[in-house]
Amino acid sequence: MTELNKTYDPATVERRWYEFWQDHGYFHADENQPGARFCVVIPPPNVTGSLTMGHVLNNALQDILIRYQRMNGKVTLWMPGTDHAGIATQNVVEKALAKEGLDRHTLGREQFLERVWGWKEKYGSTILLQLRRLGASCDWRRERFTMDPSLSRAVREVFVRLYEKGLIYKGHRIIHWCVRCQSALSDEEAITTEGGENGSLWHIRYPADDGGPGVVVATTRPETMLGDTGVAVHPTDARYATLLGRNVILPLMNRPIPVIPDDAVDPAFGTGAVKVTPAHDANDFDIGQRHRLEPLCIMTTDGRINDNGGAYRGLDRFEARKRIVADLEAQGLLVKTEPYRVPVRRCERCDTIIEPYLSDQWFVRMEPLAKPAIEAIKSGRLRFYPERWVGVYLHWMTNIRDWCISRQLWWGHRIPVWYCDDCPKLTVAREDPTHCAYCGSAKIHQDDDVLDTWFSSWLWPFSTMGWLDETPTLRRFYPTDTLITAADIIFFWVARMVMAGYEFMGECPFRDVFFTSIVRDMQGRKMSKSLGNSPDPLQVIDTYGADALRFTIVSAAPLGEDVRFADDRAEFGRNFANKIWNAARFCMMNMEAVGSRQTAVGSGDRAMLDLPERWILSRLQAVTDEVRASLDAYRFNEAAMTLYRFIWGEFCDWFVELSKLSLYGDDPAAKQRTRSVLLHTLEQILRLLHPFMPFVTEEIWQALPLPPTTDSIMVAPYPVADDALRDPAADAAVTRMIDIVRAIRNIRAELGIAPTTAVTARIAPAAGADGVAVFEPYLKTLARVTSIDVLAASERPPDEPSAVVPDVGEVFVPLRGAVDPAEVRKRLENEFKKVSKDLQSVDAKLGRPDFVAKAPADVVEKERARAAALAERSATLTRHLETLRRGS
RNA sequence: GGUCGCAUAGCUCAGAUGGUUAGAGCGCCUGCCUCACAUGCAGGAGGUCCGUGGUUCGAGUCCACGUGCGACCACCA
């Protein structure tokens, strides 16, 4: 094998193995290969995206699952691709155009789309290239894009089918309108600010038409009064009974509008009278419908007052608000202004305040689609991890509202509807028509709008597999097994995929959904560009390595909880990779003549093995079970930490040290057995760890002096526990031995005896704790003792420093013969004096009220800690000095 | 307003179905460049498991209430 460097250098290793894997076709899933299969589809990142820590966690988990199942021998498909991300991408390209002094309208639709495609070709695969750096073992030969011809065909088919089924319709109603994006949005894209935003509640008098006082209405959006066509009060509200059926005068516009009774009004809120603006509020629209009040639109699509707004025409909506309030005040009609938390919705993409706007849009009737999706989760066909998302999902599903799918954008799937100039009928078609399907007129034109991005994403699990053709891929890999995604797209994507899966494939698109943690900064804030708290994963990979980043984030992300991350946390994973690297170096250095894989460890050899070897093999079986169980239950962090503790805390800290006894000894047979166990355990560890840290495990595995059974660790079988190698007796024995070693080391440290100074030890066994004699060779090495004597049960040397070890007895470390007890005693006495003096002065300091009151809190805390440490040391010294004094 | 989650060492977090002495990493203190590793080794300090009450032989773990954070949903103008 080649010489390994002292520290692991990920940069030189990672690219090499990634290319190796790809060149060997290991990422490719062959649908013709028989056997069990496993499939995951990637949540397609936006083409505009670049890798964030959220992607890192999400895709590391998918890769772990994929690599685990691939090693389990399954035909494994991880389907990659990107989403065209309608609004997001259009925004990016429009911004680029703006820099050239252009906008999409001057370019025109066709040229603009050419520009977007050009942009997509150039930058659209950035994020997928970045995923490769992370080690993602996606089947890149199958890369898909939501606007690929075959996926577009699926979108078109779905639209037509739903239209023919009566589940897609054009509706005239209030929708969420973004005045900046100039488009309708779905309910999910309209984000409510938590707890509302600062605003006011204006109380405005609408005088009666006979000059009477009329009513006072309360509103948070006074500018909409320009479009008021009524005032509503509760039918039983005695205060307004005399006004019902009469008119009041709309101020500023001087229009008479009726006072009408409606149950939707809460008499207890505000004044109990509500201005009704059917064109600019969803509730008011409903009230208007019930009372035949005409909606009066007073705003343009870019948020300015239109011709219906009289004197306010042309003003921006918020400017109009100010002017209207001022004018009302001037006319003495503004009764009251009170500060108020106003519920506001903002555009998910650009944060602009959304305007409820009356318009014609395309909708999907969702209720029929929701039925099987509700049944799926109730019956257990579909499972969520963690389970608590079931409630959120069901609440949304059972209260589902129709989905507004039309967007007034250019980038996306054009709505396949044609209008006829000669008849009122619509032509909805799978292929672009040349004539009206009803009257045959050639004067037809296509709907200008495109579909919501999610209208293609919801088909992702089968559109990527070639649907609507019944492809071999689809037959082999649909439905998929697990979906790993962030919970913030549970409605946007997960819920709708379930509905689409049942509607078009007749089957749930996946069995399990795992919701990942949200990655936050160390203060618990969401990562965002504006806060600058979002580490660049590529930078982290460059500094610490992809394995380090993956392992760090995965081990820190518990099921169902958020995870906090800052780039230097990746030191955790880097140090671990380096630890394994060096354990491997140690193995290599001692493997000059090792046997083949066949002579590695089998259960038949067990009786021949020494205690440490039986122990580590036994522990390896337990760990194998634990890791598998954790992975099968999607407890990724638990699996990672189990491996971390085993590899570092048991294999490296104890087994490697114990193995030196034999490796540096002169029994060739024992040496050979130890080598064999060492190599076997390391090899199994690498396999267990490979899904988490693919690069470093491959690099080491390839260097092992074993004839490989496969060309890569990534296609080697994932370990299965061998019951014959379990050894509870060895487990218990080594645990006791470790306790003895620790006790002796502790005594040495407390007495200040250097680790290089040889001492002797004596053990007084507790009742039932016999057999400590077999530990002798190991204790000699690990605790640096020259001899271990077992004392008679009743013997307790009073003058020898000792420690009680549970399940073992009392361990004594006699000084005579090793060091001069008088010298130790003198040293401890001197230290005791110094400690006492220090303790006194610290105590004095802490006793001064002005210090405690005036010094910074952390300084006081530090002094307190120092006092505690000194007191502790003082007690230890006292104890040992008492023992030593008995000896002289 | 409704639903849900969280609260454990200075910090970030583990602790399935309740069961001996509550763990890890980072940080801190002491001593070490010991022939795999200073990205390391050895030893150590540090916790009224948010509060109150309850169930139980036994509660960090289950129940109720409270407090403090956080998330999601909802047409209160």
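Quick caveat, the model's predicted, so the values are computed rather than measured. The chains referred to below are lettered A, B, ... by the order of the sequence lines, with proteins before strands, and numbering in each begins at 1.
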Looking only at side-chain N and O atoms, does [X] come under 4.0 Å of OP1 or OP2 in [N]?
X         : N      : value
Trp648(A) : U39(B) : no
Arg401(A) : C75(B) : yes
Arg745(A) : G43(B) : yes
Tyr340(A) : A77(B) : yes
Asn575(A) : G40(B) : yes

Mind checking [X] for me? I need base, sugar-phosphate or nothing, with any heavy atom below 4.0 Å counting as a touch.
X         : value
Val217(A) : nothing
Arg345(A) : sugar-phosphate
Val265(A) : base
Phe269(A) : base
Ala218(A) : base
Asn746(A) : sugar-phosphate
Tyr664(A) : sugar-phosphate
Asp568(A) : nothing
Arg748(A) : nothing
Arg564(A) : sugar-phosphate
Ala282(A) : nothing
Lys660(A) : base
Pro386(A) : nothing

Quiz item: Got a donor-acceptor pair under 3.5 Å from the side chain of Glu657(A) to the base of A42(B)?
Solution: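 Answer no: no donor N or O sits under 3.5 Å from an acceptor.
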Quiz item: Does the base of C37(B) carry an N or O that pairs as donor and acceptor with the side chain of Lys579(A) under 3.5 Å?
Solution: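 Check passes, donor-acceptor contact within cut-off.
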Which whole number of Å gives the distance between the [atom1] atom of [N] and that of [M]?
N      : M      : atom1 : result
A45(B) : G27(B) : C1'   : 13 Å
A42(B) : C26(B) : P     : 12 Å
G19(B) : U61(B) : P     : 11 Å
G51(B) : U8(B)  : P     : 10 Å
C49(B) : A14(B) : C1'   : 13 Å
A9(B)  : G46(B) : C1'   : 6 Å

Please give the nucleotide sitting opposite [N] as a Watson-Crick or G-U wobble pair, both distances under 3.5 Å, or none.
N      : value
G58(B) : none
C28(B) : G44(B)
C33(B) : none

Quiz item: Measuring from Leu663(A):CG to Met589(A):CE, what's the distance to the nearest 0.5 Å?
Solution: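 Result: 12.5 Å between the selected atoms.
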Quiz item: Distance-only, no hydrogens or angles: does the Arg345(A) side chain make a donor-acceptor pair with backbone N or O of Ala190(A) under 3.5 Å?
Solution: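 Pair found, side chain donor or acceptor close to backbone of Ala190(A).
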Quiz prompt | Salt bridge present between Arg346(A) and Glu197(A) (N-O < 4.0 angstrom) | solution =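 Between Glu197(A) and Arg346(A) there is a salt bridge, with a charged N closer than 4.0 Å to a carboxylate O.
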Self-check item: Heavy-atom closest contact (Leu779(A) atom, Val785(A) atom, distance)
Solution: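 Closest approach of Leu779(A) to Val785(A), heavy atoms only: O-CG2, 3.6 Å.
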Quiz item: Do we see a donor-acceptor contact under 3.5 Å between the side chains of Asp187(A) and His176(A)?
Solution: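 Yes - a donor-acceptor pair under 3.5 Å links their side chains.
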